[in-house]
Amino acid sequence: MLIFVQALVLFPLWFEIPTWVTASTIALMFFKFLSYRLQIKLPAWIVLIFVFSALAGVYFHFRTISGRDAGVSLICLMYGFKLLESKSYRDAALTLFISFFIMVMAFLFNKSIVMGLYLLLAMIAILSGLVALNSIHGFQGLKHLSKISGVALLQALPIMLVLFFLFPRLPGPLWAMPDSSQGGTGISDSMSPGDIGSLTTFDDPAFRVKFESTVPSANDMYWRGMVFSDYDGYTWREGVRSPTRTANIPNFTSRYQYKVQMEPNQSRWLFGLEQLATSPNGTFLFNDFTWRRPRKITTQFSYSAEAVTYDYQGVELSAVHRNVNLQLPATGNERTRQWAQQLFTQSSSTQDFIQRTLNVINQQEYSYTLTPEVLEEEVVDGFWFDTQEGFCEHYAGAFVFIMRAAGVPARVVTGYQGGEYNPYGDFYLIRQSDAHAWTEVWVDNQGWVRVDPTAAIDPSRVEADLRTRATRRDSWFSDKEFGFDLPQGFLQKLQLRWDAIKSFWDDSLMGYGQDQQNNWLSKLGIKSNQWRFLGYGLVFTLIVSGLVFGLWLLRKSSKRDPIEKYYELLKAKLMKQEVIISSHWGPKAILELLQQEHPELHKKYSTPIKFYIAIRYKKVSDKDNLQQRFKTQVKAL
Amino acid sequence: MINTIIKRIQKRFYRWVEARLPAAPEIQLKQKNIYILPTRYGWLMLLIIVLILIAATNYQNNMGYMAGFVLLSIGSLSTFYTYRNLRQLKIKMIKPKAVYAGESATLEIEVINQTQQYRASVGIGETKVKMSLLDVPQQSSSQFTKTFLVTKRGWFEVPRMVISSVFPFGIFQVWSWFKTPYQILVYPKPIPAPINLSDSNHGNEEGSNSVKGSEDFYSVKEYQPGDPLKQVMWKAYARGRGMLSKEFEDKVGQQKIFSWQSVAHYEKELALSYLCHELIEANKKGIDFGLEMPDQKFDLANGDKHLYDCLTALAIF
């Protein structure tokens, strides 16, 4: 049983820890099983050697024994060893209680709803183990054991929910965590050719968005993440940037209200619908109109925001910004530079120049492919004049290069474009495969204008809804596998529904944090002293629920047997007839007393008392009938 | 130093506990006499919950919060679960029988459950650590027997007992102390006397009206240790009616008076043991016997009641 519990608890962790640790924990369990079966005992010094070699193994694997992954591996191993030496009540209880902790460690890696259900199961197993340990029957009656623990768990869930929502949350971690060893997939903080193209194979959700009222068209859904203004001839990076001051923000008007629920991306930037203005709580708006958090997003995270339209009438681009967004490497890509300057002199205005450039992309043989020829040097020249094929980052990079070469301030913006609508959850799902790069060009009196050069070649990529792009996904679920024709889109519907449930789980439960807590407290009208309120709330609900639960449970336990009640009634009736009955007399003694001292009462009372004796002390086949007759007789007295 | 202080505090605490203990043959367990505290595993669980919550806060992990709070809820609910397991049980103590020193005395305790709820793994013992566990199903009762090895004659005071339960999860322990109102009478250990004590035997001189004898049987009673085996109704025993002894009206036979004087030169306990043995032997033979103690005198008589009266006198001498 202990082995079973252990296997159940460790199972989700096996996929996260190094293979050799997994293998050794399984080996330990197997060994325990064998030694239990064969009744052999390992000498303590051998176990000790194993323990130390495990310790050394972890150290050499991770070069440390602290930190999340190393710590988890170490605890898993020690947990295995603990089982090896467990014999007494003490050892078993210790192992079971530690199992709770191990179980929670699995949450560090995976927080999905499936995991939640799985761990509910594991918890029932651990609790059953505890019940068995404390019961004289041990592991007999597994159904009974799991019933006790299941009921306990069910009763605990409502209390848990109250605690969960009322428990005060902190905005950040208690102490800085060492970087998680695995990076999240997602847009990175620089852009080289091929970076974004590589994301298109990832179907993982990046974030989910719920709009308050009006919803922009899919064409308009540009989710701004980062701005790159620094170019070294190959890679685009962020330029000089700083948090912006309110005074430097142009006037704006609100357009869309929405809520974002982000998946952890192990980076600090947030995504918002263009244009971005006031930043969500705990986030800074930078002067390139991007949002940044002071810490990496390592867990799910929700925020509310709004999209605005800026009014750039009369706003000048500062000299610093102009320089930053005109920067180019001193040399290289000379053909493109000359071409751009030439085109600029032919153009009547900046807008005209932009339009002419887009026309070139549109009319010449520029193609859109995920697998362009790889260029190492003179990347822009090679792309613009020779290969003429690429992904969005090729187009965005080249376009900004052309603008800057002609003296027009421009910059690259990366983020996501589009989104898949989920009708069941009424939200848009943005996947990693929606990653995109576009550009912004400074036009006097219009400010930063968004230009998506990729749209010029391949309108379908921007305009078409996600489904056209999903042909790849559909082919995975070919109907042939089922052997019959499924109604079209059945799997898609199923998937959307599942995603809606997941979104609720992620949004309302996993994404619940300080912001959400603040929000509902504010809605209740509690704006200050929130912690105090939470404290009172916690204490209050705990006391009330404790009282209610306690009364209910105890009431249930003290519910008396109806037969006993009728017997008491019978005795009370006898007392009224002035028969003195001591409280500790059994029915037989009463019968004797009646026979000797109250023969007239004996006639009437002897039958029900005899019935009572039969019900209580004899094995009778037809008990129900007897009980019924006993009751009616007592009533008749 | 600290140990002695702790011991003294403990002693005072138990004195206080004992002063509060009811000493009735039947005790109903209720809120007033049930105590509850976390077990050491309860504290361990609390520590684990705190660790989980700290980790959850640090990693901003809501799943961790949930698990932590579920455990916390289960932990607090188990106060009720465990308490419920003892509540409204009745402890009924059965009057213990007297024993001879060196034997083991048995205390029988009946735990009665009149409610509709199954009580699992209820333990009774002298301390909360060492106890025997039993289930008490609904509407029924279970019998605990506790044996004590008694070495000293006199009144053996049954120690304070405890009824306890950690069921279901072992997080909390509920318990209640109780004390039997009965003491166990311990007769001296019977030891055959090295000399013949019947020199103090006045009986033979007077013993002329010899007898109708032990044939004159007038009643049947339950067998008691010390009854002559030849008086046991073996036929009835074979029929499954239990050990029954015939009682005889035997006025006659030898007559023996045992006196303290005859053994006073022995060490006191030994002397009492000799007397004890002789009394039993005399009773077995079915003769009239008497006992003369410095402070008490039993006239010639016979029968078990007489024997036990005499033995009691020896026990508390």
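A note on names: the letters A, B, ... follow the listed sequences, proteins ahead of strands, and every chain is numbered from 1.
For Ala67(B), the parts lying near chain A are the backbone and the side chain together; criterion is any non-hydrogen pair under 4.5 Å. Contact annotation for Ile52(B): both backbone and side-chain heavy atoms come within less than 4.5 Å of a heavy atom of chain A. Both the backbone and the side chain of Leu153(A) come within contact range of chain B, each with at least one heavy atom under 4.5 Å from a heavy atom of that chain. With a 4.5 angstrom heavy-atom cutoff, Leu127(A) touches chain B via backbone and side-chain atoms both. Heavy-atom distances place the side chain of Met123(A), and not its backbone, under 4.5 Å from chain B. With a 4.5 angstrom heavy-atom cutoff, Leu72(B) touches chain A only via side-chain atoms.
Listed by first and then second residue, the salt bridge (charged side-chain N to carboxylate O under 4.0 Å, His left out) pairs involving residues 156-168 of chain A amount to none (not counting sequence neighbours).
No other option in Asp135(B), Leu133(B), Leu44(B), Ile49(B) has as many heavy-atom pairs under 4.5 Å with chain A as Asp135(B).
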| said: Does Ile148(A) form a side chain to side chain contact (heavy atoms under 4.5 Å, CB included) with Phe167(B)? I'd like the steps, not just the answer. | reply: CA-CA 11 Å; Ile148(A) 293 179; Phe167(B) 195 81; 3.8 Å; yes

| How far apart are the C-alpha atoms of Val104(A) and Leu71(B), what are their side-chain angles, what is the distance that settles it, and do they pass the side chain to side chain contact (heavy atoms under 4.5 Å, CB included) test? | CA-CA 11 Å; Val104(A) 171; Leu71(B) 290 183; 5.5 Å; no

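When the side-chain hydrogen bond (donor to acceptor under 3.5 Å, both in side chains) test is applied to Glu126(B), no partner is found at least two apart in sequence or on another chain.
Ring-plane geometry between Phe164(A) and Tyr65(B) is classed as perpendicular, the angle between the planes exceeding 60 degrees on a 0 to 90 degree scale with a lower cut at 30.
Heavy atoms only, all atoms of each residue included: Ser135(A) and Ser121(B) are closest at CA-OG, 3.2 Å. Smallest separation of non-hydrogen atoms from Ser73(B) and Met160(A): OG-N, 3.5 Å.
Taken from CD1 in Ile74(B) to CG in Leu154(A), the straight-line distance is 10.0 Å, to the nearest 0.5 Å. Between atom CZ of residue Arg40(B) and atom CG of residue Leu94(A) there is a gap of 9.5 Å, rounded to the nearest 0.5 Å. Atom-to-atom distance recorded for Phe100(A):CZ and Ile48(B):CD1 is 8.0 Å, nearest 0.5 angstrom. With rounding to the nearest 0.5 angstrom, the CG atom of Leu130(A) is 10.0 Å from the OG atom of Ser78(B). The structure places CE of Met66(B) at 9.5 Å from CG of Leu157(A), a figure rounded to the nearest 0.5 Å. Separating the CG atom in Leu47(B) from the CZ atom in Phe101(A) is a distance of 9.0 Å, to the nearest 0.5 Å.
With a 4.5 Å cut-off on side-chain heavy atoms, Gln155(A) and Phe80(B) do not count as touching.
Contacts between residues 158-166 of chain B and chain A, counted as heavy-atom pairs separated by less than 4.5 Å, involve Val166(B). Contacts with chain A (heavy atom to heavy atom, under 4.5 Å) involve these residues of residues 169-186 of chain B, listed by number: Phe169(B), Gly170(B), Ile171(B).
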